[in-house]
Amino acid sequence: MRSIQPVSNIDVGLAVPGSKSITQRALVAAALAGGESLLLGVLDSEDTNYLRSALRALGVRIDCSDPEAWRVQGCGGRLRAPDAPIYLGNNGTATRLLTSVAALAGGPVRITGDARMAERPIAPLMEALRGWGVAIASERGNGCPPLTIHGQGIQGGSTTLATGKSSQYLSSLLLVAPYAQETAEIAVAGRLYSRPYVDMTLAVMQAFGVQAGPVPGQSRFVVPRGGYRARQYQIEGDASSASYFLAAAAICGGRVRVMNLPSPSLQGDAGFVELLARMGCRVEQDRGGMQVTGASCLHGIEADMGDMPDVAPTLAVVAAFAEGMTSITNVSHLRVKECDRLSAMTHELRRLGVAVEEREDAMHIQGRGGLGLHGGRIQTYRDHRIAMSMALAGLRIPGVAIEGEDCVAKSFPDFWERFRMLEGQG
Ligand SMILES: O=C(O)C1=C[C@@H](OP(=O)(O)O)[C@@H](O)[C@H](O)C1
Ligand SMILES: C=C(OP(=O)(O)O)C(=O)O
C-alpha cells in the first residue's frame, strides 16, 4: 500500500517515459522492416517487454543493452512460428497488434493473456483477418483470447472491419497490410473509437516508409504493398503518463512542465491539456514541451472523451476539485480496458466522498472545489490508470492510500519515484 502526502503549490519539471503506444508500433514496424532499426526514447515497461519477448519468439533479434535505445534486426516480413504460446498479460495493444503479425509466421501461433485479457473482445479483428484469408480461432469460441492463428501469410484484397469498441483492431490490420500478397483495403463499418490512435499508426507507418491512409470522403483505408524501411526513430514522451503530472498542477496549484511531450504530438492524449485549459488552467505548449499552471478556481466542463479514453480517469479526479458538474461522455469503451474503468472510477471517487453518477457510456462528477472529501484506501483493480489517477486525489485530501500500487509497472515502472517529486513540495 502507498500512502500519499498532500501538498500545495507545486513547481516541477520532468521528462516522462516514452509513449507506450508509439513504442509498440515502432517495435512492430522495425521488426517487420528489412535491416536494423534503432528506437530511441522507448518505454521499458511490463507491456513493452511482453511485446518485445513475443517478437523475439517470432524470430526477431532485439538488443536492449541500452534500455532507452533498442536495436531491432528486422526480418523483412518473414517470421517463424514460436515453440511455445505467446503470453501477453493484459496488454490489449500488443494482443491486437500481434494477432495480425502472427499471420505472417510460417505455422501456428497461440496468443494468450491473463484472466482479464481473456474477457477483452477481439472478434471484429478476427473476422476482418478472415476476410484476408487468415485462419484464426478463439479457443473458447467467445471472440476473446486465447487465440490460435494459423500463420500462412496474408492474402490481402478487401476486407471489412465491423469496428467494435477498439481502434486497435484497425491499427493492427494497417500495420501488417504492407506485407499482404495483394493491395490491402479495409472498409470500416460503424463508429471508430479512439481515432487518434489510428492516425498515430499511419504516422509511424509513414515514418518507416509506408504511405497508407483513408480514401478521402470514405470510411476505407488503402495500404500499398511493399514493406517498412529500417531507420533510427525517436519516440515522444507518453502523453497519458504526462497527464498525471500536468493534472497535479490543476489540483494543487503551481506549475508542472513536461519536457519531452512536444506540441504538435502524435498522441491524441496530448489534447488533455486543452481540457485543463477549459477548466481554467493556463497552458503553454510548443515543440519544447507542455506546461500547465493551476488556477485559483477550476470549473466543471463537458468533455467528449471518445478519442482520449486513457486520460478520462485523470480528468475525473481533476473534476472532483472543480466547482460544478463535469460530464465525461462517449466513453463506453472504458468498460473493456484493464478493468471496467467507469465502474471502478465511480466506486473509488465515491469512497472519498465525491458525488459521481455512472451511466452506460458516461460519468458525471459534481465537484465542490474539493470540499467535504475525506481519505480512504483506494482499490486499483490491477489497473495502472486507476492507481495513478486516484493518487492525485491524495495530493489534496489527507489520508488517501493506494492498494496494489505495483500495477503501475504496466506503463510507468518508476511512477512512484517521480510522484515523490510532487509530494516533496509545498
Ligand atoms: O492503439 C493503442 O496504442 C491504444 C489504443 C486505445 O485503445 P482502444 O482503441 O481500444 O480504445 C488506448 O486505450 C490504449 O491504451 C492504447
Ligand atoms: C487501455 C490501455 O492499454 P491496453 O489496451 O494496451 O491494455 C491503457 O494503457 O490504458
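Just follow the structure's listing: the first ligand is 1, and inside any ligand the first atom is 1. Note: hydrogens, waters and symmetry copies are ignored here, and every other heavy atom, side chains too, is used.
Counting protein heavy atoms only, atom 10 (O) of ligand 2 is closest to Arg385 NE, 2.6 Å. In terms of protein heavy-atom proximity, atom 1 (C) of ligand 2 is closest to Glu338 OE1, 3.0 Å. Looking only at heavy atoms of the protein, atom 6 (O) of ligand 2 is closest to Thr93 OG1, 2.5 Å. Distance from atom 3 (O) of ligand 1 to its nearest protein heavy atom, with residue and atom name: Ser21 OG, 2.6 Å.
Side-chain contact, Tyr197 with Gln267: no donor N or O sits under 3.5 Å from an acceptor N or O. Between the side chains of Gln181 and Gln155, no donor-acceptor pair of N or O atoms lies under 3.5 Å. Side-chain polar atoms of Gln168 and Arg96 form a donor-acceptor pair below 3.5 angstrom. A donor and an acceptor atom, one from each side chain of Ser265 and Glu236, are located under 3.5 Å apart. When only modelled atom types and interatomic distance are considered, Arg25 and Thr201 share a side-chain donor-acceptor pair under 3.5 Å.
Both tests pass for Arg191 against the ring of Tyr193: distance under 6.0 Å to the centre and angle within 45° of the axis.
For the pair Met117 and ligand 2, no heavy-atom separation below 4.0 Å is found. Residue contact check for ligand 1: Arg96 places no non-hydrogen atom closer than 4.0 Å to it.
Comparing heavy-atom distances from atom 10 (O) of ligand 1 across Ser171, Gly92, Ser166, Pro121 singles out Ser166 as nearest. Heavy-atom proximity to atom 7 (O) of ligand 1, evaluated over Arg195, Arg120, Gln267, Lys337, is greatest for Lys337. Comparing Arg120, Arg96, Lys337 against atom 5 (O) of ligand 2, the shortest heavy-atom distance belongs to Arg120.
Counting the atoms of ligand 1 from 1 in the order shown, those under 4.0 Å from a heavy atom of Tyr197 are 1 (O), 2 (C), 3 (O), 4 (C), 5 (C), 6 (C), 12 (C), 16 (C). The ligand atoms of ligand 1 that sit less than 4.0 angstrom from a heavy atom of Arg25 are 1 (O), 2 (C), 3 (O). The distance from ligand 1 to the heavy atoms of Pro309 drops below 4.0 Å at these ligand atoms: 11 (O), 13 (O). Interface of His333 with ligand 1, defined as ligand atoms under 4.0 Å from a residue heavy atom, comprises 11 (O). Within the listing of ligand 1, atoms 12 (C), 13 (O), 14 (C), 15 (O) sit less than 4.0 angstrom from a heavy atom of Asp310. Close contacts of ligand 1 with Thr93, meaning ligand atoms under 4.0 Å from a residue heavy atom, involve 2 (C), 3 (O), 4 (C), 16 (C).
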>> Pair Met290, Ser263 - check side chain to side chain contact (heavy atoms under 4.5 Å, CB included), show working.
In response: CA-CA 7 Å; Met290 295 196 180; Ser263 173; 3.9 Å; yes

>> Quick one, Gln206 with Gln211, criterion side chain to side chain donor-acceptor pair (under 3.5 Å). Give me CA distance, side-chain angles, the key distance, then yes/no.
In response: CA-CA 5 Å; Gln206 183 172 21; Gln211 182 76 44; 3.0 Å; yes

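Contact annotation: for Met200 versus ligand 1, there are no heavy atoms closer than 4.0 Å. Using a 4.0 Å cut-off between heavy atoms, Gln168 contacts ligand 1 through both its backbone and its side chain. Residue contacts with ligand 2, taken as heavy atom pairs separated by less than 4.0 Å, involve Arg341 solely via side-chain atoms from C-beta onward. Both the backbone and the side chain of Ser167 come within 4.0 Å of ligand 1, counting heavy atoms alone.
If you take CG on Asp47 and NZ on Lys410, they are separated by 3.5 Å, rounding to the nearest 0.5 Å.
The pair Glu348-Arg350 does not count as a salt bridge, with every side-chain nitrogen at least 4.0 angstrom from each carboxylate oxygen.
Residue Asp47 has no nitrogen or oxygen atom sitting less than 3.5 Å from a nitrogen or oxygen atom of ligand 2, judged on distance alone. By the 3.5 Å distance cut-off applied to N or O atoms, Gln24 is not counted among the residues near ligand 2.
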